[in-house]
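Heads up: the structure comes next, in structure tokens.
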There are 2 protein chains.
Amino acid sequence: MKVENIQSLKKILSDKGYKLTKARENTFSALLSPEPQSMATLIEKSQNKVDRVTMYRNIDLFEKLGIVNRIYVGWKYKLELSDNFMDHHHHLSCLSCGKVIDIEDEQHINEFIKSVTDKFSFTPRHHQFEIDGFCIVCSASKKK
Amino acid sequence: MKVENIQSLKKILSDKGYKLTKARENTFSALLSPEPQSMATLIEKSQNKVDRVTMYRNIDLFEKLGIVNRIYVGWKYKLELSDNFMDHHHHLSCLSCGKVIDIEDEQHINEFIKSVTDKFSFTPRHHQFEIDGFCIVCSASKKK
DNA sequence: CCCCTTATTGCAACAAAGTTGCAATAAAAA
DNA sequence: TTTTTATTGCAACTTTGTTGCAATAAGGGG
């Protein structure tokens with residue numbers, strides 16, 4: 001469900017009976033970024049182009065259409081354009097200082113996902129694997 | 001970091017220089033439940049025993065101490081008492097209708113976790129594995 | 001190209017969720 | 001019991017997300 005440009009966005013929308021509007025084009029533009037972004041950031045980037053409420057509604061729609069992923073980092077969620085068939089985020093998150101460490105390694109994971117989704121006839125869009133705990137620094141220190 | 005009773009709660013707190021207070025006892029009581037609960041539920045359960053703000057502060061503290069886990073289900077987080085060494089939640093979440101399907105199967109996962117956390121000298125507290133996509137019903141239907 | 005239908009937008013108003021500063025209070029240590 | 005220091009509750013505020021509705025703009029059909 002990767003969106004390459006405005007035309008492919010239009011196709012995805014119209015296939016489901018939705019319209020391509022200026023607000024949706026701008027929503028899409030705001031999403032272009034190498035990093036996942038918070039809702040607040042998207043809203044700010046689109047100041048006086050897209051209304052706050054419309055932004056919420058379109059992000060919801062995009063998510064249902066598989067155009068964007070909502071991922072959790074620490075306590076908050078962020079948004080990003082879907083990229084490949086299966087986007088993913090694997091990280092370690094420190095409960096104390098909030099540091100986030102990204103991890104790679106997919107092999108085991110991919111088999112696991114396939115076996116599970118097949119079992120429920122579930123169509124995966126993206127996945128997220130988070131381990132919460134304490135980083136090497138915070139494991140040692142006493143308070144805070 | 002499992003808390004068995006008020007005495008073990010007191011020990012965990014005082015070991016780090018925190019005090020055991022009535023508010024914290026009540027926060028702990030509210031957390032007792034077979035199911036993860038939302039912040040709103042905890043606040044409501046403790047009506048006129050613990051102030052809203054204090055509840056937020058103590059839940060934050062408990063999380064840092066590893067007494068509670070914050071888990072994401074669909075779009076919102078819920079809270080639960082830590083139970084074992086490694087709590088976990090694995091589920092499929094439908095982006096369209098919001099249905100959540102729990103999955104078990106740990107084997108691959110556990111090795112994976114160990115290899116990764118060892119590598120970063122990270123002390124795991126709990127983990128969560130979520131696959132977002134479309135359930136068998138929503139994969140078929142056209143809109144919404 | 002214009003008209004018509006219907007989805008979509010922006011606005012205003014509201015509801016929910018989370019945060020901050022501070023004076024009063026209650027643990028725990030002495 | 002007194003003293004010290006963390007913790008609480010309150011009030012006020014910020015941020016985040018939602019709802020209803022009238023005005024507007026896509027896009028399909030003639």
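Every chain is numbered from 1 and lettered A, B, ... according to where its sequence line falls, protein lines coming before strand lines. Note that these values count all heavy atoms, side chains included, but never hydrogens, waters or copies made by symmetry.
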Length of the line joining Asp51(B):CG and dA12(D):C1', which is rounded to integer Å: 13 Å
Nearest-nucleotide comparison on DNA chain D, the residue closer to the 5′ end among Val53(B) and Lys22(B): Lys22(B)
Comparing Lys76(A) and Lys10(A) on DNA chain D - which has the more 5′ nearest nucleotide: Lys76(A)
Phosphate OP1/OP2 of dT9(C) contacted by Asn58(A) side-chain N/O (<4.0 Å): yes
Rounded interatomic separation in angstrom, taking CD from Gln47(B) and P from dG9(D): 12 Å
Protein-nucleotide distance (Ile6(A), atom CD1; dG27(D), atom P), rounded to Å: 12 Å
Step-by-step side-chain contact (heavy atoms from CB on, under 4.5 Å) determination, Thr27(A) to Leu42(A): CA-CA 8 Å; Thr27(A) 299; Leu42(A) 293 175; over 6 Å; no
Closest nucleotide among dG27(D), dG9(D), dT8(C) to the Thr21(A) side chain: dT8(C)
Side-chain N,O (Tyr77(A)) to OP1/OP2 (dG17(D)) below 4.0 Å: yes
Length of the line joining Leu20(B):CG and dT7(D):P, which is rounded to integer Å: 10 Å
Pair His89(A), His127(A): side-chain N/O donor-acceptor within cut-off below 3.5 Å: no
Residue Arg24(A), side-chain heavy atoms: nucleotide from dT7(D), dT9(C), dT8(D) that is nearest: dT9(C)
Check against side chain to side chain donor-acceptor pair (under 3.5 Å), Asn26(A) and Ser46(A): CA-CA 7 Å; Asn26(A) 286 320; Ser46(A) 309; over 6 Å; no
Nearest-Å distance for atom pair CG/P, residues Leu13(A) and dA25(D): 19 Å
Polar pair under 3.5 Å, donor/acceptor by atom type, side chain Arg57(A), base dG10(C): yes
dT8(D) phosphate, OP1 or OP2, under 4.0 Å from Lys19(B) side-chain N/O: no
Separation of atom CD in Glu25(A) from atom P in dA25(D), rounded to whole Å: 14 Å
Tyr56(B) OH - dT8(D) P separation (whole Å): 16 Å
Interatomic distance where CG belongs to Asn26(A) and P belongs to dT9(C) [whole Å]: 11 Å
Test: Asp15(A) and Lys11(A) ion pair at under 4.0 Å: yes
Nearest to side-chain heavy atoms of Arg52(A), which nucleotide of dT18(D), dG9(D), dG20(D): dT18(D)
Pair Glu130(A), His91(A): side-chain N/O donor-acceptor within cut-off below 3.5 Å: yes
